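The structure appears below as structure tokens.
If you're wondering where the values come from, they're calculated on a predicted model, not measured in any experiment.
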Amino acid sequence: MSLENTCEEISQSESQVENLREHKENGDTVKTDKVKVDILLKATGNAPIMKKKKWAVDAEKPIGWIMEFVKKYLKLEPDEKLFLYVNQTFAPSPDQVIKNLYECFGTDGKLVLHYCKSQAWG
Amino acid sequence: MANDREVLREIWDGKLPVCFQLDQEEIMEIQQPDPFYVMVPRLSYFPLVIDKMKRHFLRFISQENADNEMWLDYNGQPLKWHYPIGFLYDLYCGSDPQTPWILTVHFSKFPENILLHCPNKDIVEAHYMSTVKEADVLKHRGQVMSTMQKKDHNQLWLGLQNDKFDQFWAINRRLMESHGESEGFKNIPIRIYSEDGTYIQRLINPKNSDGSRKVVQQLISELYPENPVKLRTHGINIPLDTPLQWLSEHMSYPDNFLHVCIC
């Protein structure tokens, strides 16, 4: 059971990946009109580790967009699966907006998301 | 714990008359298909109740579209299968109720950027279980779901899928219990939707800082201080003096979330 095929269109995500900006160590982010929140991407199970784990992302973006970003970053094949988990408990639906998850499940100013290539929890 | 059993039963038994019509562009036969009428449970999801309807329309469409994923719209608005049916009706029809609810059935031009794909019912189950887990993280730090057995999880799902109230509530009651010394959940799982279908979800404590029970009026002034809105769920406007804890225990959808529309 998986929801991996249910993301936004890849073509749409590709142009948006360029907009995902690095979060600098001193906490500065590039100034835009959009509200950004910090997410921390942690590998689990057999998933490859991401060299850069902390990212500042547009709070209005959906989880499906993050999934496509991670798949692209890890250079996964289009048919490879990727699962994202919040609180190491539940897999948010791809259309859930980052801001809602950050408000409810963020800790210490960031939202921790675990990713893996097979179903890890539930 | 939920104890107003009549309320739970009333909510569970809520049904909607729906009239499905095949999109004119899909019809390949000279003979027009009859519309398909059915009563559907408000608490269910469309993929669980449309097998017969799909069979009814399949012989009227182009064979090359027969294996495509079917999708629905109301008034040009594609309907998300992963939201409960009754909630979708309240969202799009709540302010101007019509019965039967007339929906259009499509087998082509799937709106990729709006709808998630639903190749089979396992996907609905996965989505449902994940939402229950999210709600339990908010209510009990996830402790109830994680201590349940797999067969309990199955029973929840089967109870919903087969419209079995007792089977469902035998398990769901444990998710509606309060833990610890304080009576009430840690937070109330609630999603508040605007007309466009987007929603906000925040940490909502069922109590005020002085320990008194928080009511709907107080929630509204917390979230919308400038603009006092009204909230609707299960086809009714929620009285402003309803305590949030009671609302959560009795008016949540089977996924354990309150889905309320601004009206």
Side-chain angles (χ1 to χ4, degrees), chain A residues 1-16 35 37 58-65 67-68 78-79 81-109 111-116 118-122, chain B residues 69 78 80-83 110-146 148 150 153-154 157 186-194 197-205 223 255-257:
Chain A
M1 283 182 287
S2 73
L3 295 165
E4 83 286 356
N5 292 325
T6 53
C7 305
E8 283 186 307
E9 281 179 290
I10 294 169
S11 57
Q12 189 189 349
S13 305
E14 277 173 352
S15 62
Q16 289 166 343
V35 178
V37 297
D58 179 355
E60 298 303 324
K61 285 274 186 282
I63 279 290
W65 181 80
M67 290 168 111
E68 287 305 322
D79 59 343
K81 295 176 178 179
L82 185 87
F83 299 84
L84 271 190
Y85 290 91
V86 175
N87 270 42
Q88 296 179 270
T89 311
F90 66 92
S93 144
D95 65 348
Q96 268 176 272
V97 171
I98 303 287
K99 181 167 168 64
N100 286 332
L101 292 167
Y102 176 83
E103 291 276 348
C104 291
F105 306 106
T107 45
D108 302 327
L111 177 67
V112 181
L113 296 170
H114 283 78
Y115 62 91
C116 51
S118 58
Q119 214 171 1
W121 293 281
Chain B
E69 191 174 331
K80 294 187 172 189
W81 58 264
H82 61 301
Y83 291 163
F110 190 89
E112 301 278 348
N113 53 352
I114 301 175
L115 300 185
L116 304 176
H117 282 287
C118 182
N120 54 56
K121 292 188 179 114
D122 289 348
I123 298 293
V124 187
E125 180 181 358
H127 166 78
Y128 169 75
M129 292 314 305
S130 190
T131 313
V132 177
K133 283 177 190 169
E134 177 174 356
D136 191 45
V137 172
L138 291 166
K139 290 195 279 192
H140 311 107
R141 296 190 172 88
Q143 286 165 358
V144 179
M145 280 301 276
S146 64
M148 276 184 186
K150 178 74 180 147
H153 292 178
N154 287 344
W157 170 245
K186 196 164 165 283
N187 293 287
I188 301 290
I190 181 169
R191 292 177 178 168
I192 304 177
Y193 296 75
S194 308
T198 59
Y199 64 84
I200 62 161
Q201 182 181 328
R202 299 287 178 268
L203 287 180
I204 305 293
N205 195 305
L223 294 177
D255 65 11
N256 277 243
F257 267 87

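- Scanning residues 197-204 of chain B against chain A with a 4.5 Å heavy-atom cutoff picks out B/Tyr199, B/Ile200, B/Gln201, B/Arg202, B/Leu203, ordered by number.
- Nearest heavy atom pair, residue B/Ile190 against residue B/Phe257, reads N-CD2, 3.7 Å.
- Nearest heavy atom pair, residue B/Trp81 against residue B/His117, reads CZ2-O, 3.4 Å.
- Pairing each heavy atom of B/Gln143 with each of B/Asp136, the nearest pair is N-OD2, 3.4 Å.
- Only the side chain of B/His82 comes within less than 4.5 Å of a heavy atom in chain A; its backbone stays farther off.
- Ring centers of A/Phe105 and A/Phe90: under 6.0 Å apart, within the cut-off.
- Under the 3.5 Å distance criterion, with hydrogens and angles disregarded, a donor-acceptor pair is assigned to the side chains of B/Lys139 and B/Asn256.
- Partners of A/His114 under the side chain to side chain donor-acceptor pair (under 3.5 Å) rule, at least two apart in sequence or in another chain, do not exist in this structure.
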